[in-house]
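The structure appears below as structure tokens.
In listed order, ligands and their atoms are each counted from 1.
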Amino acid sequence: MTKPQITPEFYFQNRRVFMKYGITFGMLMLLPKTIFAGDAKKSSIYTLPKDLNLTKEDVATSYNNFYEFSLEKDGVKPKAEKWSLDAKSWRIEISGLVENKKSFSVNELIEMAGGVEERVYRFRCVEGWSMVVPWTGFSLAKLIEKLKPTKDATHVQFQSMSDAKVFTNIKSLPQYPWPYTEGLTLPEAKNELTLIATGMYGKDLPRQNGAPLRLVVPWKYGFKSIKSITKIEFTKSQPKTLWNQLAPDEYGFYANVNPEVAHPRWSQASEKILDKSFLPKRKPTLLFNGYEKEVAALYKNLDLKKNI
Ligand SMILES: Nc1nc2c(c(=O)[nH]1)N[C@H]1C(S)=C(S)[C@@H](COP(=O)(O)O)O[C@H]1N2
Ligand SMILES: [Mo]
């Protein structure tokens with residue numbers, strides 16, 4: 001069946017208006033909707049795993065771990081939304097064993113890394129829940145190439161902002177060694193998968209998810225994916241991290257997702273797929289969260305049962 005070729009009355013009557021404003025409308029369409037997630041191309045490699053669904057945006061952006069705001073999953077977003085973040089003037093200090101010791105804006109880091117792309121990653125929290133998220137960001141490897149760590153550098157430490165006027169829950173947790181810190185070995189940091197995310201679901205990162213930029217290390221438990229980064233330091237030994245200082249027997253430095261290594265208080269063999277239903281589905285947990293092909297070589301000389 002062919003389509004009837006009838007000019008719609010509305011279009012006909014308004015043709016001149018369309019012609020007059022067409023260009024303006026087109027230009028409006030080109031204006032970026034976001035500052036940092038902009039026109040990211042979708043990765044052709046890191047696409048939706050065929051056995052999984054994308055987590056609903058509303059779930060991934062309202063069920064959060066961000067202790068500086070709240071210990072309650074649904075308590076983070078309402079508090080974070082009161083943060084009047086000026087993402088354009090955010091600075092990230094690069095320090096330690098690196099040539100390019102300087103402080104940069106988010107856009108400067110994005111430019112150095114050659115722009116952002118969208119990657120869909122599995123994300124597994126040590127507590128036993130998981131989600132699948134389209135992140136926008138760049139490979140940390142590309143940035144590290146430009147920052148030029150010195151020959152002595154073996155590790156990278158990351159630090160979150162720690163302004164207690166914004167992160168109001170810090171003062172309720174005085175026993176925690178703030179600021180939130182995390183770390184990776186240099187080869188882990190330079191693995192292609194390690195992402196600095198500036199957005200999710202095609203938008204800038206929401207404040208509750210770690211705006212304006214965070215780490216995403218998809219083969220490790222979620223606590224390694226540190227939020228709202230203000231400092232990246234290259235070191236010559238394994239850096240301190242917040243969770244490892246608090247409970248080293250429960251939260252190791254490596255924190256690789258591993259169904260065979262139980263947390264001292266619960267099994268890690270399976271995980272709850274995050275959604276809003278009353279009967280959430282579970283699935284078996286995969287070694288390295290399903291990224292064995294990409295990262296197993298990093299650990300060929302490491303006893304994964306001892307080095308948790
Ligand atoms: N600064 C900071 N980063 C953090 C956390 C935190 O409490 N503070 N929580 C971690 C944990 S335990 C997880 S599971 C993820 C949660 O990220 P999401 O809220 O975007 O899902 O952030 C990680 N990064
Ligand atoms: Mo977590």
Are any of the N or O atoms of [X] closer than 3.5 Å to those of ligand 1?
| X | value |
| --- | --- |
| Trp135 | no |
| Asn64 | yes |
| Arg214 | yes |

Any salt bridge linking [X] with [Y]? Criterion: basic side-chain nitrogen under 4.0 Å from a carboxylate oxygen.
| X | Y | answer |
| --- | --- | --- |
| Glu108 | Lys146 | no |
| Lys283 | Asp51 | no |
| Glu188 | Lys220 | yes |

What is the ring orientation for [X] with [Y], classed by angle as parallel under 30°, tilted 30 to 60°, or perpendicular over 60°?
| X | Y | value |
| --- | --- | --- |
| His155 | Phe253 | perpendicular |
| Tyr299 | Tyr254 | perpendicular |
| Phe223 | Tyr251 | perpendicular |

Original post:
Taking the side chain as C-beta and beyond, is there a heavy-atom pair between Leu143 and Phe138 under 4.5 Å?
Top reply: yes
Heavy atoms, side chains only, cut-off 4.5 Å: are Asp204 and Pro212 in contact?
no
Residue, atom name and distance, where the atom is the protein heavy atom closest to [atom]:
| atom | result |
| --- | --- |
| atom 7 (O) of ligand 1 | Tyr67 N, 2.8 Å |
| atom 8 (N) of ligand 1 | Glu68 OE1, 2.7 Å |
| atom 9 (N) of ligand 1 | Asn65 O, 3.3 Å |
| atom 18 (P) of ligand 1 | Lys227 NZ, 3.4 Å |

To atom 13 (C) of ligand 1, the nearest of Gly222, Ser225, Gly210 on a heavy-atom basis is Gly222
Candidates Met131, Gln208, Glu127; heavy atom nearest atom 21 (O) of ligand 1 found on Met131
Short version for Tyr180: what comes under 4.0 Å of ligand 1, heavy atoms counted, is side chain
Contact region, Tyr221 to ligand 1, non-hydrogen atoms below 4.0 Å, reads neither
For [X], take its heavy atoms, then give the atoms of ligand 1 lying under 4.0 Å from any of them.
| X | result |
| --- | --- |
| Ser160 | 1 (N) |
| Phe223 | 10 (C), 11 (C), 12 (S) |
| Cys125 | 14 (S) |

* Taking the non-hydrogen atoms of Trp243, is any one of them nearer than 4.0 angstrom to ligand 1? -> no
The reported gap from CH2 in Trp90 to OG1 in Thr198 (rounded to nearest 0.5 angstrom) is 13.5 Å
With Gln268 as partner, the option from Arg124, Glu260, His263 fulfilling side-chain hydrogen bond (donor to acceptor under 3.5 Å, both in side chains) is Arg124
